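Worksheet: the structure to be examined is printed underneath.
Worth saying up front: this structure is predicted, and the values here are computed from it rather than measured. Naming convention: chains lettered A, B, ... in sequence-line order (proteins, then strands); numbering from 1 in each chain.
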Protein chains: 2
Amino acid sequence: MTGTERTDALDLERQVCFPLYAASNLVNRAYRPILSPLGLTYPQYLVMLVLWQDGCRSVGALGERLYLDSGTLTPMLKRLEAQGLVRRVRDNADERRVNVSLTDEGAALRERAQSVPATMFGACTNWQEDQLHDLRHAVNELIDALNRRDEAAKPEAVTRRKPQAAVPD
Amino acid sequence: MTGTERTDALDLERQVCFPLYAASNLVNRAYRPILSPLGLTYPQYLVMLVLWQDGCRSVGALGERLYLDSGTLTPMLKRLEAQGLVRRVRDNADERRVNVSLTDEGAALRERAQSVPATMFGACTNWQEDQLHDLRHAVNELIDALNRRDEAAKPEAVTRRKPQAAVPD
DNA sequence: TTGATTTATATTGCGCGCAATATATTTTCA
DNA sequence: TGAAAATATATTGCGCGCAATATAAATCAA
């Protein structure tokens, strides 16, 4: 109302993706001191979560779970291998694939990681379980929407990634 | 129930921060083809949003708005300067500061950016305004919670960044 | 079977993010 | 005033993310 011409659509406060971007950076920062004693970065921690949960997985399967491609995963997995946490072995049945599995040390690290979620959110006062639940739900719906948009954009070809649907709720 | 010992807290599906991380990556990817014709990356676009909205700002003030520090901003602002979109000038009153302002070209770019939000979310079918609103609200609450946690962690010193409260709703 | 296409991973180059550190300026206060 | 502390930005080094490209293996088609 002050007279200067302003188009609200470009106001930072109107953006939906900026809080997402900022929160992702803040989360990464918050995890760093918690994961550092385990020798892991946050993306590396996510890879370990998948392997602890699913066991041996190909590079492509890890990428589908985490929405990442080989350009990101290959160097990251090599670092985890150099640390002795995972093995990278060519698949005998299909020599194109590389199977990633846990070493004994990688599997053992799970015990030390048990306290990570509680450390992360235990210190986060004033934050209730159901709010986290709502947030997870809302973000997962955005992920679904972005994936549907990608599929709609190129209907005649397979999408670059074929991520499974975001986890329900 | 299958007998293998499993601790749910480390399941990927239980994580709150992973969808945030994945969504942030997907958003960055989705913005790329939209911003590429403008010669901007998504973080650069955010800087331009602040400058279009606030006008001339110091590096530190930009960092408070975007939750970034000089280690990220300085090289980014140099790239924007090399493109002729912004100016970086030492503050006469306080020679420690560097003020960042728009060039004519940078200010003019705003017109071409007007269509960016609609392009981003216009193609996103099945996604309602109020869902985006809820998402923004939920993520902003997490940002506030993480900031409160940081302040609580080191009460005797000023926090590394002093971000203003996340935008209300 | 062979040649073309598809699939899986690796490589290259670039732009973030950020901790740690360095440098220069300003403020504090003894 | 003058030394110490605080403040603002810059630099360094490293680990992502990802588009584009390369390479090799598997599949498909003629």
Side-chain angles (χ1 to χ4, degrees), chain A residues 21-33 35-36 39-47 57-64 66-83 88-100 150 157-162, chain B residues 21-33 35-36 39-47 57-64 66-83 88-100 150 157-162:
Chain A
Y21 161 89
S24 183
N25 287 343
L26 287 169
V27 159
N28 208 312
R29 244 175 270 162
Y31 266 109
R32 192 178 302 262
L35 294 176
S36 176
L40 295 175
T41 66
Y42 183 64
Q44 289 169 2
Y45 172 68
L46 293 178
V47 167
R57 281 286 175 262
S58 71
V59 173
L62 286 173
E64 283 187 25
L66 300 176
Y67 304 93
L68 297 172
D69 66 6
S70 70
T72 300
L73 284 172
T74 296
M76 199 164 97
L77 293 169
K78 284 183 176 177
R79 280 185 284 270
L80 287 174
E81 188 180 39
Q83 285 189 54
R88 294 163 61 248
V89 184
R90 284 279 164 190
D91 189 314
N92 285 328
D94 185 342
E95 290 279 344
R96 293 170 304 179
R97 293 181 191 274
V98 168
N99 290 320
V100 184
D150 282 350
V158 181
T159 46
R160 192 169 75 87
R161 289 177 188 73
K162 298 177 276 189
Chain B
Y21 161 90
S24 183
N25 288 342
L26 288 169
V27 159
N28 208 313
R29 245 175 267 163
Y31 266 109
R32 193 178 301 261
L35 293 176
S36 176
L40 295 175
T41 65
Y42 183 63
Q44 288 170 4
Y45 171 68
L46 293 177
V47 168
R57 280 285 175 262
S58 70
V59 172
L62 286 172
E64 283 186 26
L66 301 176
Y67 304 92
L68 297 172
D69 66 8
S70 70
T72 299
L73 284 172
T74 296
M76 199 164 99
L77 292 170
K78 284 184 176 177
R79 281 185 284 271
L80 288 173
E81 187 180 40
Q83 286 189 54
R88 295 164 59 249
V89 184
R90 283 279 164 191
D91 189 314
N92 284 328
D94 185 343
E95 291 279 347
R96 293 171 302 180
R97 293 180 191 274
V98 168
N99 291 319
V100 184
D150 282 350
V158 181
T159 45
R160 193 169 74 89
R161 290 175 189 74
K162 298 175 276 189

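- Every residue two or more places apart in sequence or in another chain that forms a ring-ring contact (aromatic ring centres under 6.0 Å, His included) with Tyr45(B) is listed here: Tyr31(B).
- Separating the CD atom of Glu95(A) from the P atom of dA24(D) is a distance of 13 Å, rounded to the nearest angstrom.
- With sequence neighbours left out, Glu95(B) forms a salt bridge (Lys or Arg N to Asp or Glu O under 4.0 Å) with no residue at all.
- When the side chain to side chain contact (heavy atoms under 4.5 Å, CB included) test is applied to Arg79(A), the partners found at least two apart in sequence or on another chain are Gln44(A), Pro75(A), Met76(A).
- Shortest non-hydrogen contact noted between Tyr21(B) and Pro43(A) is OH-CB, 3.9 Å.
- Every residue two or more places apart in sequence or in another chain was checked for a salt bridge (Lys or Arg N to Asp or Glu O under 4.0 Å) with Arg32(A), and none qualifies.
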For this session: Summarise how protein sits on nucleotides 9-16 of chain D as a single string, 5' to 3': B when a protein heavy atom is under 4.0 Å from the base, S for sugar-phosphate-only contact, - for no contact.
Result: SBB---SS
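- The salt bridge (Lys or Arg N to Asp or Glu O under 4.0 Å) check on Asp91(A) picks up nothing, with sequence neighbours excluded.
- Note: CG (Asp69(B)) to P (dA19(C)) measures 7 Å, nearest angstrom.
- Distance, Asn25(B) CG to dG17(C) C1': 13 Å, rounded to whole Å.
- Along DNA chain C, the nucleotide nearest Asp94(A) and the nucleotide nearest Asp91(B) are compared for position; the residue whose nucleotide lies closer to the 5' end is Asp94(A).
- Residue Asn92(B) contributes atom CG, which lies 10 Å from atom P of dT26(C) at whole-angstrom precision.
- Between the P atom of dA19(C) and the CZ atom of Arg29(A) lies a distance of 7 Å, rounded to the nearest Å.
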